[in-house]
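Here's the structure, in structure tokens; my notes come after.
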Amino acid sequence: MAEETIFSKIIRKEIPADIVYEDELVTAFRDISPRAPTHILIIPNKLIPTVNDVTADDEATMGRMFTVARKLAEQEGVSEDGYRLLVNCNKHGGQEVYHIHMHLVGGRPLGPMLVG
Ligand code: 5GP
């Protein structure tokens, strides 16, 4: 059984976060340390530590992460100019929190650099 992270506490609202979207599969909230005017994390409500742990059972949830990203990008007004969706995996990928999350980053030109 994977160890819970601070993100499980955010989903359960045991610690505060600026939650911008939630449904039965995913929760989205603003990154505590934003690297751009829009920096939102979209996470599954189910604890999946890394991309390496994703299975076929998670396909609906993974798809929902993308449709929510698209909606939030529209709400944030970054759709037309563009934005970046990023999922870090493990140490070399720069993953810090072991509850899979998609970064939605936009609101400025991002260049070739990565988040993290
Ligand atoms: P990673 O490096 O794992 O891909 O990204 C983890 C992200 O989670 C970082 O951008 C970091 O700023 C964010 N983060 C870490 N702890 C918290 C927290 O307690 N609240 C929020 N809103 N974001 C967090």
Side-chain angles (χ1 to χ4, degrees):
M1 187 73 176
E3 284 236 343
E4 281 195 355
T5 74
I6 197 144
F7 288 178
S8 291
K9 292 189 167 61
I10 288 175
I11 292 165
R12 291 197 299 264
K13 305 199 172 75
E14 290 168 7
I15 63 160
D18 187 356
I19 294 175
V20 292
Y21 178 88
E22 59 190 325
D23 66 23
E24 79 285 7
L25 292 180
V26 305
T27 299
F29 52 92
R30 294 193 191 278
D31 197 291
I32 203 165
S33 178
R35 262 75 110 215
T38 293
H39 190 168
I40 292 170
L41 302 174
I42 302 159
I43 72 174
N45 295 337
K46 170 188 169 188
L47 171 51
I48 302 169
T50 80
V51 175
N52 293 339
D53 303 300
V54 171
T55 70
D57 286 346
D58 301 318
E59 284 173 2
T61 303
M62 296 298 111
R64 183 70 59 85
M65 287 166 73
F66 272 91
T67 53
V68 168
R70 199 249 311 144
K71 278 184 210 153
L72 290 174
E74 280 167 20
Q75 270 176 37
E76 294 285 307
V78 300
S79 295
E80 198 164 318
D81 282 340
Y83 53 92
R84 182 169 293 158
L85 301 178
L86 188 74
V87 182
N88 295 324
C89 180
N90 276 344
K91 202 168 60 174
H92 284 192
Q95 186 172 5
E96 288 170 3
V97 179
Y98 282 79
H99 184 134
I100 202 172
H101 49 280
M102 177 186 278
H103 295 257
L104 162 58
V105 190
R108 66 169 174 83
L110 295 167
M113 67 166 287
L114 305 175
V115 172

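Counting convention: from 1, in listed order, for ligands and their atoms alike. Note: hydrogens, waters and symmetry copies are ignored here, and every other heavy atom, side chains too, is used. Predicted, not measured: the structure shown is a model, and the values here were computed from it.
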Nearest heavy atoms of Tyr83 and Val78, plus distance in Å: CD2-O, 3.7 Å
Closer than 3.5 angstrom, by distance alone: can the side chain of His99 be matched with the main-chain N or O of Asn45 as a donor-acceptor pair? no
Assess whether side chain to side chain contact (heavy atoms under 4.5 Å, CB included) is satisfied between Ile10 and Phe29, documenting all intermediate values. CA-CA 9 Å; Ile10 288 175; Phe29 52 92; 3.8 Å; yes
The atoms of ligand 1 lying under 4.0 Å from a heavy atom of Val97, numbered in the order shown, are 3 (O), 6 (C)
Rounded distance (nearest 0.5 Å) linking atom CG of Leu104 with atom CZ of Phe66: 11.0 Å
Could you check if a side-chain atom of Val105 sits within less than 4.5 angstrom of a side-chain atom of Leu86, using non-hydrogen atoms only? no
Applying a 4.0 Å heavy-atom criterion (strictly less than), which segment of Val87 is in contact with ligand 1: side chain, backbone, both, or neither? neither
Any heavy atom of Gly94 sitting closer than 4.0 Å to ligand 1? yes
For Arg35, the ligand 1 atoms whose distance to one of its heavy atoms is below 4.0 Å: 9 (C), 10 (O), 12 (O)
Out of curiosity, Ile100 CD1 to Thr61 OG1, how far, rounded to the nearest 0.5 Å? 10.0 Å
The answer for which part of Ile32 has a heavy atom under 4.0 Å from ligand 1 is both
What do you reckon, is CD of Glu80 surrounded by more than 12 foreign heavy atoms closer than 6.0 Å? no
Mode of Leu41 contact toward ligand 1 - side chain, backbone, both, neither (heavy atoms, under 4.0 Å): side chain
Taking CD in Glu3 as the centre, count heavy atoms belonging to other residues, nucleotides or ligands within less than 6.0 Å. Is the count above 12? no
So if I count the atoms of ligand 1 from 1 in the order they appear, which ones are less than 4.0 Å from some heavy atom of Asn88? 1 (P), 2 (O), 4 (O)
From the options Ile6, Leu86, Ile40, Ile10, select the one whose nearest heavy atom is closest to atom 16 (N) of ligand 1. Ile6
Is Arg108 reaching over with its side chain to a backbone N or O of Arg35, donor-acceptor style, under 3.5 angstrom? yes
At less than 4.0 angstrom from any non-hydrogen atom of Gln95, what atoms of ligand 1 do you find? 3 (O)
For Ser33, take its heavy atoms, then give the atoms of ligand 1 lying under 4.0 Å from any of them. 12 (O)
In ligand 1, which numbered atoms sit nearer than 4.0 Å to a non-hydrogen atom of Phe29? 21 (C), 22 (N)
Measure from atom 6 (C) of ligand 1 to every heavy atom in His101, His99, His39 and give the option owning the shortest one. His101
Checking heavy-atom distances from atom 9 (C) of ligand 1 to each of Thr5, Ile15, Asp31, the winner is Asp31
Suppose I only count heavy atoms of Glu96 and a 4.0 Å limit; which atoms of ligand 1 are within that range? 1 (P), 2 (O), 3 (O)
So His103 and His101, ring-ring contact (aromatic ring centres under 6.0 Å, His included) or not? Walk me through it. CA-CA 6 Å; His103 295 257; His101 49 280; 5.1 Å; yes
Check contact between Tyr98 and ligand 1, using heavy atoms of the residue and a distance below 4.0 angstrom. no
Examine the proximity of ligand 1 to Arg30 and report which part, side chain or backbone, both or neither, has a heavy atom under 4.0 Å away. backbone
